[in-house]
Trainee: 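Take a look at this one; I'll ask things after.
In what follows, every chain begins at residue 1, and chains take the letters A, B, ... in the order their sequences are listed.
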Protein chains: 2
Amino acid sequence: MANIQEIAKLAGVSSATVSRVINHKPHVSSETRAHVQQIINQLDYVPNINAVSLKKGATKMLGIVAPTFSDSLGTFLKNFTLAAQQGGYNVTLFLTGLDKQKELEAFERLRNKQLDGLVLVIRLNEWDVLESYAKYGPIVTWQRVEDRNIQSVFMNQYDGYMLALEHLYEKGYRKIVNAYGNTAGLNTKSREKAYADFCQKYDLNPNEFKHFYNQGHMSEGETMARWWVDQTHKPDAFVMATDYLASGLVTEAKRLGLSIPQDFAVVGFDNTLVAHLLDLTTIHYPIGKQGENAFIMIDNQLSKRTNPLEALSFHLVERLTT
Amino acid sequence: MANIQEIAKLAGVSSATVSRVINHKPHVSSETRAHVQQIINQLDYVPNINAVSLKKGATKMLGIVAPTFSDSLGTFLKNFTLAAQQGGYNVTLFLTGLDKQKELEAFERLRNKQLDGLVLVIRLNEWDVLESYAKYGPIVTWQRVEDRNIQSVFMNQYDGYMLALEHLYEKGYRKIVNAYGNTAGLNTKSREKAYADFCQKYDLNPNEFKHFYNQGHMSEGETMARWWVDQTHKPDAFVMATDYLASGLVTEAKRLGLSIPQDFAVVGFDNTLVAHLLDLTTIHYPIGKQGENAFIMIDNQLSKRTNPLEALSFHLVERLTT
DNA sequence: TTGTAGGCGTTATCAG
DNA sequence: CTGATAACGCCTACAA
């Protein structure tokens with residue numbers, strides 16, 4: 001395999017000159033430049049990137065770390081990767097499952113210089129152990145975090161959730177059931193708070209109905225449709241944690257012969273493909289833009305620039321379920 | 001940043017000994033080993049992986065190259081990545097868009113030693129230019145290819161498509177419309193062939209209805225529902241190129257007040273989440289297993305092993321649209 | 001069992 | 001404008 005020395009010898013110059021040609025640096029006469037370039041082409045030479053990385057102490061590689069592969073992650077990953085590639089970086093994916101150790105492995109890559117930066121979608125380990133890696137390179141997360149060493153593209157879902165509630169109120173719905181996500185999650189807390197404030201504002205009883213806490217699987221939405229049928233005192237609207245959950249509810253309702261929004265209204269969250277597919281009213285969650293921002297933040301730190309971030313906001317997408 | 005020399009000095013040994021300790025090589029007394037290890041822990045030292053890669057000429061990194069991010073790619077990527085991680089590799093994603101140059105960049109990574117192997121989901125460049133990179137490392141593709149230097153996890157869709165057709169026939173449907181994918185694609189050819197053979201076998205007229213060629217977007221399925229309404233001589237079944245296409249057809253049909261499978265039957269392809277969501281009868285396409293096989297093939301070449309591949313086959317998933 | 005020293009392929013600093 | 005040469009951090013014969 002050809003290396004820079006070989007090129008130098010064949011071109012009758014020093015390796016320094018070859019290096020200058022490769023990296024388009026000045027101080028090479030155009031004749032020598034052309035000549036060296038010709039030899040390079042002739043031998044089909046490319047620089048060994050590991051040597052470059054070793055020398056420069058940077059790899060132009062970023063990592064993205066998440067426990068599992070979901071639709072949302074797909075969107076995030078896609079936009080992040082595209083932005084990164086645009087900026088001259090490549091990105092490698094770490095799927096951690098539920099394995100804390102696996103997550104640490106990704107962070108070790110930052111330490112051992114294989115990665116210049118990292119975006120952590122959902123963490124497994126405690127913040128303080130992850131935070132200790134910040135000194136090895138920029139870390140950005142999707143989640144909310146109070147740490148000046150780790151930046152975040154977090155969006156407070158309070159605002160988005162309130163959008164859904166206000167929309168329902170405006171449409172005349174008063175008997176609203178909430179299906180939240182993970183009990184422990186911060187997003188759930190924000191949404192609960194939004195609902196509490198909403199009830200206070202309009203003088204509604206926040207505990208008129210059961211509150212659901214789900215893992216986001218479609219089948220849990222299906223269960224809720226059957227739950228509705230069983231109730232004597234029935235709600236007239238559902239706000240669902242995700243579009244998938246909502247789609248479970250909607251499709252099962254149809255199987256049961258119910259009609260939406262006549263029997264009850266449904267609002268999803270995220271505005272993913274299924275929402276379009278099922279004509280779901282939903283809250284648009286700009287995950288793609290968050291991915292782009294994640295890159296911008298990393299890039300800004302790495303290159304000490306200060307490029308502006310994309311503006312992020314939720315908005316309501318009204319379709320046929322309300 | 002601590003390096004091997006520094007550890008050596010502090011431990012009062014040579015860097016060679018430290019290296020032996022790091023890599024768990026024999027010929028080190030357990031006392032020195034323990035001592036060196038202690039210094040390593042103390043200084044929180046990790047080897048610089050770029051130096052290791054440079055020395056060894058391998059990175060334990062694989063690439064995955066695709067034009068755009070889709071649901072199917074997500075499944076493939078997920079399984080491939082998980083398998084790769086299991087085998088001690090990490091994988092980096094290259095999104096090429098429609099840019100041939102971008103695709104070549106990924107292949108250059110193979111050449112310049114940043115990647116040990118590559119899986120090409122959908123190619124942009126011609127096979128012969130891509131094939132010329134095979135000498136730099138193993139390449140596996142999702143597509144069909146006649147090239148002994150590039151392996152493939154391709155599955156002939158003839159078989160899967162025939163499954164759909166036979167199922168419809170068995171259910172009594174005789175007036176079948178086909179919605180294929182890209183005109184140029186090999187999969188389309190296989191499917192056309194399956195349909196031709198099917199018609200021959202049962203003595204049907206293969207050109208009784210228009211043949212559709214689509215890009216796979218949902219809206220094209222929607223268009224087909226409206227097309228059906230406009231026909232005087234109506235078909236009684238549709239075989240759709242993808243579940244998404246099928247879901248467009250099904251949801252639009254419902255909006256138009258049609259009922260499935262009474263007005264017409266629909267069979268999808270891929271068995272993705274939407275198929276479950278909409279109770280679509282479909283053909284299960286084991287994309288995840290193809291991803292795993294892609295890794296096994298690469299790993300076999302890289303480590304000169306010969307691990308067995310997963311068995312791959314289509315099967316029918318009968319739901320409520322037939 | 002341990003150490004010495006050369007080399008992996010580049011880049012960057014100095015001289016010239 | 002060009003060339004020597006010293007790093008970058010690690011591994012591995014070969015010696016001791």
Side-chain angles (χ1 to χ4, degrees), chain A residues 1-40 43-61 108-116 136-137, chain B residues 1-40 43-61 108-116 136-137:
Chain A
M1 189 73 15
N3 62 20
I4 205 174
Q5 307 293 346
E6 195 175 334
I7 303 293
K9 203 191 306 172
L10 265 71
V13 298
S14 77
S15 65
T17 300
V18 178
S19 177
R20 290 188 188 102
V21 172
I22 295 167
N23 298 294
H24 306 99
K25 299 236 169 149
H27 309 308
V28 183
S29 76
S30 46
E31 299 93 66
T32 29
R33 190 181 293 276
H35 180 221
V36 168
Q37 188 60 57
Q38 188 204 324
I39 305 284
I40 287 176
L43 288 215
D44 211 28
Y45 161 83
V46 280
N48 180 318
I49 216 167
N50 295 125
V52 177
S53 298
L54 171 59
K55 185 65 193 172
K56 294 203 169 158
T59 51
K60 288 300 204 173
M61 277 277 215
E108 283 294 318
R109 301 300 175 157
L110 199 60
R111 190 144 86 101
N112 67 25
K113 302 289 188 188
Q114 186 166 48
L115 257 30
D116 290 350
Y136 305 118
Chain B
M1 188 75 14
N3 62 21
I4 205 174
Q5 308 292 348
E6 194 175 335
I7 303 294
K9 203 190 307 173
L10 264 71
V13 297
S14 76
S15 64
T17 300
V18 178
S19 176
R20 290 187 189 104
V21 172
I22 294 168
N23 298 293
H24 304 100
K25 298 238 167 146
H27 310 307
V28 184
S29 76
S30 46
E31 299 93 66
T32 27
R33 191 181 293 276
H35 179 222
V36 169
Q37 188 60 57
Q38 188 204 324
I39 305 286
I40 287 176
L43 288 216
D44 209 30
Y45 161 82
V46 280
N48 179 320
I49 219 169
N50 296 124
V52 177
S53 297
L54 171 60
K55 186 68 195 174
K56 294 203 171 158
T59 51
K60 289 299 206 173
M61 277 276 214
E108 284 295 318
R109 300 299 175 157
L110 199 61
R111 190 145 86 99
N112 68 24
K113 301 289 191 188
Q114 186 168 46
L115 257 30
D116 290 351
Y136 304 118

Trainee: B:Ile49: what forms a side-chain contact (heavy atoms from CB on, under 4.5 Å) with it, not counting sequence neighbours?
Mentor: A:Arg109, A:Asn112, A:Gln114

Trainee: Roughly, in whole Å, what's the span from CD in A:Gln114 to P in D:dG9?
Mentor: 16 Å

Trainee: Tell me, please, which residues at least two apart from A:Thr59 pass side-chain contact (heavy atoms from CB on, under 4.5 Å).
Mentor: A:Ser53, A:Met61, A:Asp116, B:Asn50

Trainee: Check the phosphate of D:dC11 against B:Ser19, side-chain N and O only, distance under 4.0 Å to OP1 or OP2. Yes or no?
Mentor: yes

Trainee: Which residues, if any, of residues 20-32 of chain A bring a heavy atom under 4.0 Å of DNA chain D?
Mentor: A:Arg20, A:His27, A:Val28, A:Ser29, A:Thr32

Trainee: What is the separation between atom CG on B:Leu54 and atom P on D:dT12, rounded to the nearest whole Å?
Mentor: 13 Å

Trainee: For the helix from C:dT1-D:dA16 to C:dG16-D:dC1, what angle separates the axis at the start from the axis at the finish, each from five pairs, in steps of 10°?
Mentor: 40°

Trainee: Hey, what do you get for CG (B:Leu43) to CD (B:Gln38), rounding to the nearest 0.5 Å?
Mentor: 10.5 Å

Trainee: Do A:Tyr45 and A:Ile4 come close enough that some side-chain heavy atom pair is under 4.5 Å?
Mentor: yes

Trainee: Using a heavy-atom distance cut-off of less than 4.0 Å, which residues of residues 46-53 of chain A contact DNA chain D?
Mentor: none

Trainee: When you measure from the side-chain N and O atoms of B:Thr17 to the phosphate of C:dT2, is any distance below 4.0 Å, counting only OP1 and OP2?
Mentor: no

Trainee: In residues 7-21 of chain A, what donor-acceptor pairs under 3.5 Å come from side-chain atoms, sequence neighbours left out?
Mentor:
unit_1  : atom_1 : unit_2  : atom_2 : d
A:Ser14 : OG     : A:Ala16 : N      : 3.3
A:Ser14 : OG     : A:Thr17 : N      : 3.4
A:Ser19 : OG     : A:Asn23 : ND2    : 3.4

Trainee: Keeping to residues at least two apart or across chains, list the side chain to side chain donor-acceptor pair (under 3.5 Å) pairs with something in residues 26-37 of chain A.
Mentor: A:Ser29-A:Thr32, A:Gln37-A:Asn41

Trainee: Taking atom CG of B:Asn3 and atom CG of B:Asn48, what is their separation to the nearest 0.5 Å?
Mentor: 9.5 Å

Trainee: C:dG9 C1' sits how many Å from B:Lys56 NZ, rounded?
Mentor: 18 Å

Trainee: Each nucleotide N or O in nucleotides 5-7 of chain D that has a protein N or O under 3.5 Å away: list the pair and distance.
Mentor:
unit_1 : atom_1 : unit_2  : atom_2 : d
D:dA7  : N3     : A:Lys55 : NZ     : 2.8

